[in-house]
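Chain naming here is simple, since letters A, B, ... match the order of the sequence lines and numbering starts at 1 in each. What you see below is based on every heavy atom in this structure, not just the backbone, and it leaves out hydrogens, waters and symmetry mates.
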2 protein chains.
Amino acid sequence: MRIGELSRRTETSRRLLRYYEEQGLIFSDREANGYRDYDEGLVDRVLQIRGLLGAGLPIRIIKQILPCLRETRAIFFEEATPEMLAALEEERDRMTARIRCLERNRDAVAEYIVAVGGDQLARPAA
Amino acid sequence: MRIGELSRRTETSRRLLRYYEEQGLIFSDREANGYRDYDEGLVDRVLQIRGLLGAGLPIRIIKQILPCLRETRAIFFEEATPEMLAALEEERDRMTARIRCLERNRDAVAEYIVAVGGDQLARPAA
DNA sequence: CTTGACATTCACACCAATGGAAGGGTTTCA
DNA sequence: TGAAACCCTTCCATTGGTGTGAATGTCAAG
């Protein structure tokens with residue numbers, strides 16, 4: 001698909017898609033005229049990238065862990081140097097820490113909402 | 001405690017602590033001489049703030065949810081306007097989305113690590 | 001030929017964070 | 001008492017990262 005379709009399907013500006021490509025997060029083939037030609041899988045990939053960015057991971061790290069996230073479960077063993085493995089383990093642990101932090105705080109927010117009487121399913125008797 | 005101690009205990013520069021105060025994320029009493037006097041609870045508070053920032057929440061949002069996160073369970077009902085409640089519910093849901101995204105991707109990273117034979121320090125006889 | 005989608009490139013905006021200088025007061029300890 | 005270490009404020013500039021705007025040009029189709 002071309003960039004316009006990918007943009008619509010991911011609700012991501014063309015500009016940003018080109019930026020992600022420039023940053024090495026996604027790739028595209030080119031049509032004869034130079035237009036980008038995206039694989040179907042790029043839709044999920046872009047959403048995934050945006051999710052991770054939204055969760056605070058920098059592009060540099062996302063680029064690093066992308067090889068682990070290929071939907072095609074073709075794992076590239078040859079690239080698994082000890083240094084890279086260590087970096088991945090570190091990042092995995094950092095993600096766990098992030099998750100815990102978010103869970104704790106989300107739960108606190110949720111408790112607060114309940115305590116002050118919010119979240120009454122579909123506002124029954126407002 | 002004074003700013004130096006808080007800085008050491010949170011591994012956060014004095015500069016940044018003053019910045020957070022300027023941004024309205026934390027508060028301090030003042031000694032007679034003008035020195036900031038921090039409550040013991042600020043240690044956790046600062047760590048919490050840094051965790052949330054690291055998880056991708058902007059200062060603006062963190063400031064908004066801080067009232068829900070007071071360790072003193074004094075909840076300020078009077079401030080719970082419907083608009084604020086709606087904003088909180090939205091933010092709660094966004095945090096949940098973040099958590100799910102991180103979980104999915106962390107698990108993928110973890111699987112990859114196992115697949116390429118990492119993490120054997122912890123489990124020698126894999 | 002006009003319209004819309006595509007291309008590239010430079011510059012800018014926003015946010016978190018930092019650095020540093022100026023210029024001054026306070027605490028601690030030998 | 002003197003020095004070092006700590007603290008204060010204000011101001012200004014900068015860095016790094018994510019994201020955007022706008023100018024300018026090409027391509028394809030009605």
Side-chain angles (χ1 to χ4, degrees), chain A residues 1-39 42-43 45-66 91 94-95 98 101-102 105, chain B residues 1-39 42-43 45-66 91 94 97-98 101-102 105:
Chain A
M1 87 196 69
R2 306 225 269 231
I3 197 169
E5 184 181 345
L6 184 59
S7 171
R8 276 189 301 280
R9 291 174 62 183
T10 59
E11 290 176 311
T12 302
S13 72
R14 295 153 224 256
R15 185 71 177 76
L16 195 46
L17 291 172
R18 296 193 187 103
Y19 173 70
Y20 288 160
E21 182 169 328
E22 187 190 323
Q23 298 301 309
L25 291 181
I26 58 177
F27 302 94
S28 61
D29 294 334
R30 295 296 177 124
E31 299 175 7
N33 55 21
Y35 287 12
R36 287 175 178 78
D37 178 21
Y38 293 105
D39 186 87
L42 263 290
V43 176
R45 174 54 54 105
V46 168
L47 293 175
Q48 185 176 38
I49 288 169
R50 292 189 65 73
L52 289 170
L53 280 167
L57 274 71
I59 286 178
R60 166 181 37 95
I61 297 297
I62 296 176
K63 203 156 47 173
Q64 205 173 26
I65 67 177
L66 275 182
E91 203 48 44
R94 264 203 280 271
M95 291 170 87
R98 267 194 177 83
C101 173
L102 282 170
N105 286 287
Chain B
M1 92 196 66
R2 306 225 268 231
I3 198 171
E5 185 181 346
L6 184 60
S7 171
R8 276 189 301 278
R9 290 175 62 183
T10 59
E11 290 177 309
T12 302
S13 71
R14 295 154 222 253
R15 185 75 171 75
L16 195 46
L17 291 173
R18 296 196 187 102
Y19 175 69
Y20 287 160
E21 184 170 327
E22 186 191 323
Q23 298 300 310
L25 291 181
I26 58 177
F27 303 94
S28 60
D29 294 333
R30 294 299 177 122
E31 298 177 6
N33 55 22
Y35 287 15
R36 288 175 178 79
D37 180 20
Y38 294 105
D39 187 88
L42 263 290
V43 176
R45 174 54 55 104
V46 168
L47 293 176
Q48 185 178 37
I49 289 168
R50 293 189 64 72
L52 289 170
L53 280 168
L57 275 71
I59 284 177
R60 164 182 41 93
I61 297 297
I62 295 176
K63 203 156 46 174
Q64 204 173 27
I65 67 177
L66 273 184
E91 201 50 44
R94 263 203 281 271
R98 269 195 177 82
C101 173
L102 280 171
N105 286 286

TODO: Hey, which sits more toward the 5' end of DNA chain D by its nearest nucleotide, B:Gly34 or A:Gly54?
DONE: B:Gly34
TODO: Between C:dA16, D:dA28, C:dT26, spot the one nearest the side chain of A:Asn33, thanks.
DONE: D:dA28
Open item on the list: Taking donor-acceptor contacts at under 3.5 Å, does the side chain of A:Arg15 reach the base of D:dG19?
Closed with: no
Task: Spacing between B:Ile59 atom CD1 and D:dT18 atom C1', to the nearest angstrom - done: 16 Å
TODO: Return the minimal non-hydrogen interatomic distance between B:Gln48 and A:Asn105, and the atom names on each side.
DONE: NE2-OD1, 2.7 Å
Task: Spacing of B:Gln23 atom CD relative to C:dA16 atom P, expressed in whole Å - done: 7 Å
Open item on the list: Checking the side chain of A:Arg98 only, and the main-chain atoms of A:Gly56 only, is there a donor and an acceptor separated by less than 3.5 Å?
Closed with: yes
Task: Spacing of B:Ile3 atom CD1 relative to C:dG25 atom P, expressed in whole Å - done: 20 Å
TODO: May I have the distance from A:Leu25 (atom CG) to D:dG17 (atom C1'), rounded to whole angstrom?
DONE: 12 Å
- [ ] Name the nucleic acid region contacted by B:Arg2, choosing base, sugar-phosphate or nothing; use a 4.0 angstrom heavy-atom cut-off, strictly under.
- [x] sugar-phosphate
TODO: Would you indicate which nucleotide in C:dC6, D:dC8, C:dT18 comes nearest to any side-chain atom of B:Tyr35?
DONE: D:dC8
- [ ] Select one nucleotide: of C:dA7, C:dA17, D:dG17, the one nearest the side-chain heavy atoms of B:Arg50.
- [x] C:dA17
TODO: Classify the nucleic acid contact of A:Arg30 as base, sugar-phosphate or nothing, counting any heavy atom under 4.0 Å across all strands shown.
DONE: sugar-phosphate
- [ ] Would you check if the side chain of A:Asp37 reaches a backbone N or O of A:Met1 as a donor-acceptor pair within less than 3.5 Å?
- [x] yes
TODO: Check A:Leu25 against A:Ile62 and note the closest heavy-atom contact, atom names and distance.
DONE: CD2-CG2, 3.9 Å
- [ ] For B:Pro58 and for B:Glu31, find the nucleotide of DNA chain C with the closest heavy atom, then tell me which residue's nucleotide is more 5'.
- [x] B:Pro58
TODO: Please state whether the phosphate of D:dT20, meaning OP1 or OP2, lies under 4.0 angstrom from any side-chain nitrogen or oxygen of A:Ser13.
DONE: yes
Task: Nearest to side-chain heavy atoms of B:Arg36, which nucleotide of C:dC6, D:dC8, D:dG19 - done: D:dC8
Task: Integer-rounded Å distance: D:dG19 C1' and A:Glu11 CD - done: 17 Å
Task: Nearest-angstrom distance from the residue atom OH of A:Tyr19 to P of C:dC10 - done: 16 Å
Open item on the list: Looking at every non-hydrogen atom in both residues, tell me the closest pair between A:Cys101 and B:Gly51 and how far apart they are.
Closed with: SG-C, 3.5 Å
Open item on the list: Between P on D:dG25 and CZ on A:Arg18, what's the gap in Å once rounded to a whole number?
Closed with: 17 Å
Task: Nearest-nucleotide pick for B:Tyr20, side chain only, options being C:dA7, C:dG25, C:dA17 - done: C:dA17
TODO: Specify the separation, in whole Å, of atom CG of A:Leu53 and atom P of D:dT20.
DONE: 11 Å
